[in-house]
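The structure appears right after this line, and notes come after that.
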Amino acid sequence: MFQLKPGSLAMIVGARTSAGRRNIGKSVELFELCQPGMRLLNPVNGVMTELPATAERALWLVTGDVYSVDNQHGFAFIRPEHLMPLTPDEAPQIIEELTIS
């Protein structure tokens, strides 16, 4: 089972804007699923970052070799449906099963 959760890796597989399309195909680390109006300390630049209260939905704050909508490097807000998890939740169990076989 693959899930989106903080600290896991994912690949960006879609975007709605031209600014976001340049991030497609990049692997990122998921930092936090942000609800509209939520404020948090950005792990990349150390600045309080806010997902506008007018945002239509929750978005993941991701870090990596990506660009934000205002061209800042190192982080971006991404829709959950535009992320493909890269790390299985049960990795130790899967590895154990493979070595037993």
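Sequential numbering from 1 along the given sequence is applied to the chain's residues.
- Partners of Arg57 according to the salt bridge (Lys or Arg N to Asp or Glu O under 4.0 Å) rule, which considers only residues two or more places apart in sequence or in another chain, are Glu81.
- Distance check, rounded to the nearest 0.5 Å: CE of Met38 to CG of Leu33 gives 8.0 Å.
- Each of Ile24, Val28, Ile78 was checked for a side chain to side chain contact (heavy atoms under 4.5 Å, CB included) with Val66, and the lone residue meeting it is Val28.
- In this structure, the separation between CE on Met48 and CG on Leu41 is 6.5 Å, given to the nearest 0.5 Å.
- Side chains of Glu56 and Arg79 form a contact here, defined as non-hydrogen atoms less than 4.5 Å apart.
- Within the structure, salt bridge (charged side-chain N to carboxylate O under 4.0 Å, His left out) pairs that include any residue of residues 11-25 do not occur (at least two apart or interchain).
- Through chains of ILVMFWY side-chain contacts below 4.5 Å, Phe31 is grouped with Leu40, Val44, Leu51, Leu59, Leu61, Phe75, Phe77.
- Among all heavy-atom pairs drawn from Ala58 and Pro80, the shortest one is O-CD, 3.6 Å.
- The ring-ring contact (aromatic ring centres under 6.0 Å, His included) analysis of residues 38-67, with sequence neighbours excluded, yields the pairs Tyr67-His73.
- Evaluation of the salt bridge (charged side-chain N to carboxylate O under 4.0 Å, His left out) test over residues 59-70, restricted to residues two or more places apart or in two chains, returns Lys26-Asp65.
- You'll find the side chain of Pro85 reaches within 4.5 Å of the side chain of Leu4, heavy atoms only.
- Judged as a side chain to side chain contact (heavy atoms under 4.5 Å, CB included), and not counting sequence neighbours, the contacts of Leu9 are Glu29, Leu86, Thr87.
- Looking at Leu83 and Ile12, their side chains come closer than 4.5 Å, going by heavy atoms from C-beta outward.
- Taking every heavy atom of both residues into account, Val13 and Met84 meet most closely at CG1-CB, 3.8 Å.
- Residue pairs that meet the side-chain hydrogen bond (donor to acceptor under 3.5 Å, both in side chains) test with at least one member in residues 41-50, sequence neighbours left out, are Asn42-Thr49, Asn45-Gln72.
- Closest approach of Pro36 and Ala55 over heavy atoms only: CG-O, 3.5 Å.
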